[in-house]
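Keep in mind that what you see is a predicted model, and the values were worked out from it rather than measured. Residue numbers count from 1 along this sequence.
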Amino acid sequence: MALVVYRRGGIEVAVGADGRARVAVEPPGEGGWTAELDPVAWPRVVAALAAEGVLEGTVGGEPSEPVVVDVPVPLLDLLAQAVATGVGPYVAHRRVRTEDGVRGEPGAAAFGEVRGVPAVAVGGRDRSFALYEVPGGTALGVSTAAGTAIRALALGQDSVAVAGDDHLVRVWDLGSGRQLPVRAGHGGRPVRSLACHGALVLSAGDGVRAWDGRSGAALGTLDHDSSAVCLVEAAGRRLIAMGTESGLVRLLDAASGRPVHVLGCGPGWVNAVAGGNGLVAAGGAGGVIRVWDAATGRELHELTGHAESVVGLAFAGAELASCALDGTVRIWAAGEQVRAWAIGDEWPTGLASGVLAGRPVLVTGGEQVQVWDPAGELLRALPLHATSVAVSAGEASGGLVAVGSAEGTVTVLDGDALVRERASEPRVRYERESGDGAVTALAFGADGLVSGTGDGAVRVHEPGSGEVAVVPTPHLGQVLALAFHDGLLVSGGMDRAVRVWDAATGLPLRRLLGPREGVTAVAVAEVDGRVVVAATGYDGDVRTWDAATGRPLLAIHDVHRGPGYALAFGAAGGRAVIASGGNDGRVPVLDARTGQEIVSLAPNPGTVLSLRLSGGTLLVGCDDGSVRRWSVPGGELLGEMRAPVLPLALTDGYAAGPDGLAAIGL
């Protein structure tokens, strides 16, 4: 039983009678988790609390019930950041996720065609969907289990897509009944390590997953327990080394995926692995580093010297460099420590090696970015709080240093200039927002810079511009909106992302950063000869993009006083328009080219859930069950009625909701 629980916001640290500390985190609106703290973390929290007088008189003897203390100051700013967001030093391990937080009631419907027959797909509260013929309501086959509470559904040309609380988009080919492979990522948990070779990208967090860095295609899950990964060449073949939360290092053959060796690193978790010179090194809890011959699996060295957990390893020529939560960098050769120095930072977040301006360097991240000569000379210190760092590999990569931040920024610096021009301001090649939370891992590959985030996302950035080129991992929150158009599938969700997919293969084509507070509705149509994607969300804005290029077209703010929930493209008065509905009951009709409001259809009784724009009239479905028909652009109310089902989707003469299909006489 916990002796005392320290609480601040959504973070609780519980200290047991055994002196061990555990943390529980409940992010607002998301799934929470519990984890074990690294032993280095708790003494620092105690010191910070004692300095603030929080510990005085808290516990007298062993209480019969846990003492709960609401801490008026941060437990420790950096620790709170590291634990709550999964960034910074790896102080929270063996995470166990609690139930996901959810928004809204499940249920969705969509009209379309199945094998040339007008049809409707309806997703109910039982995690399944069914297809019905329109008109008549004859069932087209049996209900299909979707695997999640359905909150979004789209019906395309002989395809149906569903999505919901588990963050995944599932697509079925209705002709064959075959389901496309589901694109799963890291489940919202931090990506702690990345490795690249050619087009192969490996990401480690709650396990190791392999991706094609050019197409974004998922190549498979290699392990379910590892949080560190690297590649190493040994005896003429390439091996994948994976460090686990249970203190093991597993080696796989990269070509076949077959196990080669299982190596014991020691008690506790493995934070870092590195490969080079035919060797594999690993370190983590306890501060011990072990080195093996990668080809034979024979242990060569046990390296001791660090007083706390190792968080970074890198081979630099014939030497091995390491950094740890004791605030030191140590250099090892032939099993012996040859140099060591303090970096002036108690919480280093990682280490990378490379060659800049023709000389070997080490780069450490933490409270600042520091560039070191391997002899221990500080070459450059930058006031950038780095949650992750990477140095480009090889002369062809141009001598770059990448820095990730807790705020989600990826900054790429001219690394050669950092070393050559020490007195000048650092040259920034580009800076980009990740849009997916704190940046927790970075690696340079043949196809550009790869980043991983605290929310479990993996992104491949264009080498020259830093723009996101490939998005292997899927949504990082509930998916609330889906739409098909001519071979494309568009999805939107609580992670703010609007995703464009190839509907036939499931490969990602575009990732668009949507409304500030989550996407609730998407629509897609051809406007002026190009395919345009529109989205609205909890901020009440409407945004559009060119689907082929991802270029933003319109950002129309405060279309609704509150969330928007429905969108529809169409034509009115000889021009392309977008109709938008929300919880304020208004339905503004906007020019799809300029964003100018043409007419506002109001009042509608309650939150607008669905829209259907056709032939100069607009059908509006509301959460009180009412359906109204308006003329557009005239704005005249032509009729209204109460539908026998909740109108989640509308077509001429019919409404559909969780309870099925119903005729409407408007």
Side-chain angles (χ1 to χ4, degrees), residues 109-111 152 154 480-485 490 492 498 514-515 519-528 531-545 553-623 626-640 643 647-656 664 666:
F111 288 93
L480 302 178
L482 293 168
F484 276 111
H485 177 81
V490 178
V498 177
V519 180
T520 55
V522 295
V524 57
E526 189 171 312
V527 178
D528 289 339
V531 178
V532 175
V533 173
T536 188
Y538 285 101
D539 60 3
D541 294 353
V542 173
R543 299 170 187 268
T544 65
W545 300 264
L553 300 175
L554 296 174
I556 313 165
H557 300 296
D558 301 321
V559 176
H560 296 285
R561 295 184 298 275
Y565 288 113
L567 288 171
F569 276 102
R575 52 181 168 176
V577 298
I578 308 170
S580 175
N583 74 337
D584 56 5
R586 294 177 63 246
V587 180
V589 179
L590 313 170
D591 188 301
R593 301 176 185 87
T594 66
Q596 177 187 2
E597 184 175 299
I598 298 170
V599 65
S600 179
L601 309 178
N604 291 285
T607 298
V608 176
L609 301 178
S610 56
L611 298 168
R612 162 76 171 176
L613 183 56
S614 175
T617 64
L618 179 66
L619 289 176
V620 179
C622 297
D623 63 351
S626 65
V627 179
R628 292 188 167 197
R629 183 184 291 272
W630 298 83
S631 67
V632 179
E636 179 185 357
L637 180 61
L638 303 177
E640 61 180 310
L648 296 181
L650 295 167
T651 192
D652 294 334
Y654 292 91
I664 53 174
L666 286 177

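Within the model, atoms CG of Leu619 and OG1 of Thr651 stand 8.0 Å from one another, a figure rounded to the nearest 0.5 Å. Atom OG1 of residue Thr594 and atom CG of residue Leu553 lie 12.0 Å apart, to the nearest 0.5 angstrom. Note that CD1 of Ile664 and CZ of Arg612 are 10.5 Å apart. Values are rounded to the nearest 0.5 Å. To the nearest 0.5 Å, atoms CG (Asp591) and CD (Gln596) are separated by 6.5 Å. Between the CG atom in Leu590 and the CZ atom in Phe569 there is a gap of 10.0 Å [rounded to 0.5 Å].
Using a 4.5 Å heavy-atom cutoff, the side chains of Arg628 and Cys622 are not in contact. A heavy-atom distance below 4.5 Å is found between the side chains of Leu611 and Val620. Proximity of Thr520 to Thr536: side-chain heavy atoms (C-beta onward) are separated by under 4.5 Å at one or more points. In this structure, Val589 and Ile578 have side chains that are not in contact, with every pair of non-hydrogen atoms separated by 4.5 Å or more. Put simply, the side chain of Val632 reaches to within 4.5 Å of the side chain of Leu601, judged on heavy atoms. Side chains of Tyr538 and Leu480 form a contact here, defined as non-hydrogen atoms less than 4.5 Å apart.
Residues His557 and Asp541 come closest through the heavy atom pair ND1-OD2, 2.9 Å. The shortest non-hydrogen separation linking Ser626 to Pro647 is O-CG, 4.0 Å. The two residues Gly570 and Leu613 make their nearest non-hydrogen contact at CA-CD2, 3.5 Å.
The closest donor-acceptor contact from the side chain of Ser610 to the backbone of Leu650 lies at 3.5 Å or more, if one exists at all. No side-chain donor-acceptor contact under 3.5 Å links Thr607 to the backbone of Asp623. At distances below 3.5 Å, not a single donor-acceptor pair connects side-chain atoms of Asp584 with backbone N or O atoms of His560.
When the options Val533, Val532, Thr544, Leu567 are evaluated for a side-chain contact (heavy atoms from CB on, under 4.5 Å) with Val524, the one that passes is Val533.
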**Report entry** Check against side-chain contact (heavy atoms from CB on, under 4.5 Å), Asn604 and Trp630
**Finding:** CA-CA 11 Å; Asn604 291 285; Trp630 298 83; 3.2 Å; yes
Query raised in the report: Do Val498 and Val490 pass the side-chain contact (heavy atoms from CB on, under 4.5 Å) test, and can you show the C-alpha distance, the side-chain angles, and the key distance before you say yes or no?
Result: CA-CA 7 Å; Val498 177; Val490 178; 3.7 Å; yes
Query - Test side-chain contact (heavy atoms from CB on, under 4.5 Å) applied to Tyr565 and Val608, step by step - result: CA-CA 7 Å; Tyr565 288 113; Val608 176; over 6 Å; no
